[in-house]
Amino acid sequence: MAYDENNIFAKILRGEAPCIKIYEDDHTLSFMDIMPQAEGHTLVIPKEPAENILDLSPEMAGHLIKSTQKVAKAVKAATNADGVLVAQLNGSAAGQTVFHIHFHIIPRNEGLDLKFHARDMADMGELEALADRIRAEL
Ligand code: AMP
């Protein structure tokens with residue numbers, strides 16, 4: 001499938017759609033997931049138009065995992081989570097719903113189930129407050 005320049009993450013990268021930004025460098029952008037599966041659910045995307053990991057250049061794969069590691073450490077510290085799930089879905093059969101490659105960073109706590117994937121919108125004020133805490137740990 002050809003990369004769709006109008007997917008929501010491409011719009012966020014172009015500044016045409018909003019996001020609650022956590023981190024940005026020359027190659028990657030990280031922001032809060034607006035339908036979080038747990039408190040602190042954050043996404044990291046490359047600034048390269050790749051639909052999934054099969055399309056991504058090896059150079060950008062390196063940048064993307066470096067930023068994911070950096071943000072995951074900050075998310076874990078900010079949320080005091082027991083663990084952190086890092087996930088990445090390729091193709092609708094794998095559950096992918098936005099077709100610009102991204103890593104999910106999802107705090108996990110003992111005995112607490114994940115919420116449904118991409119279903120319930122978070123309160124934006126709560127997300128902003130969480131984002132402040134995560135940015136403070138970068
Ligand atoms: P995936 O199903 O792996 O493609 O995940 C897409 C993720 O993007 C889901 O967790 C959605 O909640 C999230 N999402 C969709 N639209 C937005 C948006 N505008 N801003 C932030 N996160 C979004």
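Atoms within each ligand, like the ligands themselves, are counted from 1 in listed order. All values derive from a computational prediction rather than experimental measurement. Sequential numbering from 1 along the given sequence is applied to the chain's residues.
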(message) Using side-chain heavy atoms (C-beta onward) and a distance below 4.5 Å, is Ile101 in contact with Glu51?
(response)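 SC-SC contact between Ile101 and Glu51 ruled out.
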
_Measuring only between side-chain heavy atoms, which start at C-beta, is Phe103 closer than 4.5 Å to Ile65?_
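Sidechains of Ile65 and Phe103: in contact.
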
Give the cluster check for Met32 versus Ile105: same hydrophobic cluster or not, with ILVMFWY residues linked at side-chain heavy-atom distances below 4.5 Å.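 Linked within one cluster.
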
Enumerate the pairs of nitrogen or oxygen atoms, one from ligand 1 and one from the protein, separated by less than 3.5 angstrom; state names and distance to 0.1 Å.
unit_1	atom_1	unit_2	atom_2	d
ligand 1	2 (O)	Gly95	O	3.1
ligand 1	2 (O)	Thr97	N	2.9
ligand 1	2 (O)	Thr97	OG1	2.7
ligand 1	2 (O)	His117	NE2	2.5
ligand 1	3 (O)	His102	NE2	2.9
ligand 1	3 (O)	His104	NE2	2.8
ligand 1	4 (O)	Thr97	N	2.8
ligand 1	4 (O)	Thr97	OG1	3.4
ligand 1	4 (O)	Val98	N	2.8
ligand 1	4 (O)	His102	NE2	3.0
ligand 1	5 (O)	His102	NE2	3.0
ligand 1	5 (O)	His104	NE2	3.3
ligand 1	10 (O)	Asp33	OD1	3.4
ligand 1	10 (O)	Asp33	OD2	2.4
ligand 1	12 (O)	Asp33	OD1	2.6
ligand 1	12 (O)	Asp33	OD2	3.4
ligand 1	22 (N)	Ile34	N	3.4

May I have all residue pairs that pass side-chain hydrogen bond (donor to acceptor under 3.5 Å, both in side chains) and include part of residues 31-42, sequence neighbours excluded?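 Non-adjacent pairs meeting side-chain hydrogen bond (donor to acceptor under 3.5 Å, both in side chains): Asp33-His41, Gln37-His117, His41-His104.
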
Point to revise | Option among His63, His27, Glu24 that satisfies the side-chain hydrogen bond (donor to acceptor under 3.5 Å, both in side chains) test with Lys47 | key: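 Output: one option passes, namely Glu24.
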
With a 4.0 Å cut-off on N to O distance, would you call Lys76 and Glu137 a salt bridge?
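Glu137 and Lys76: not salt-bridged.
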
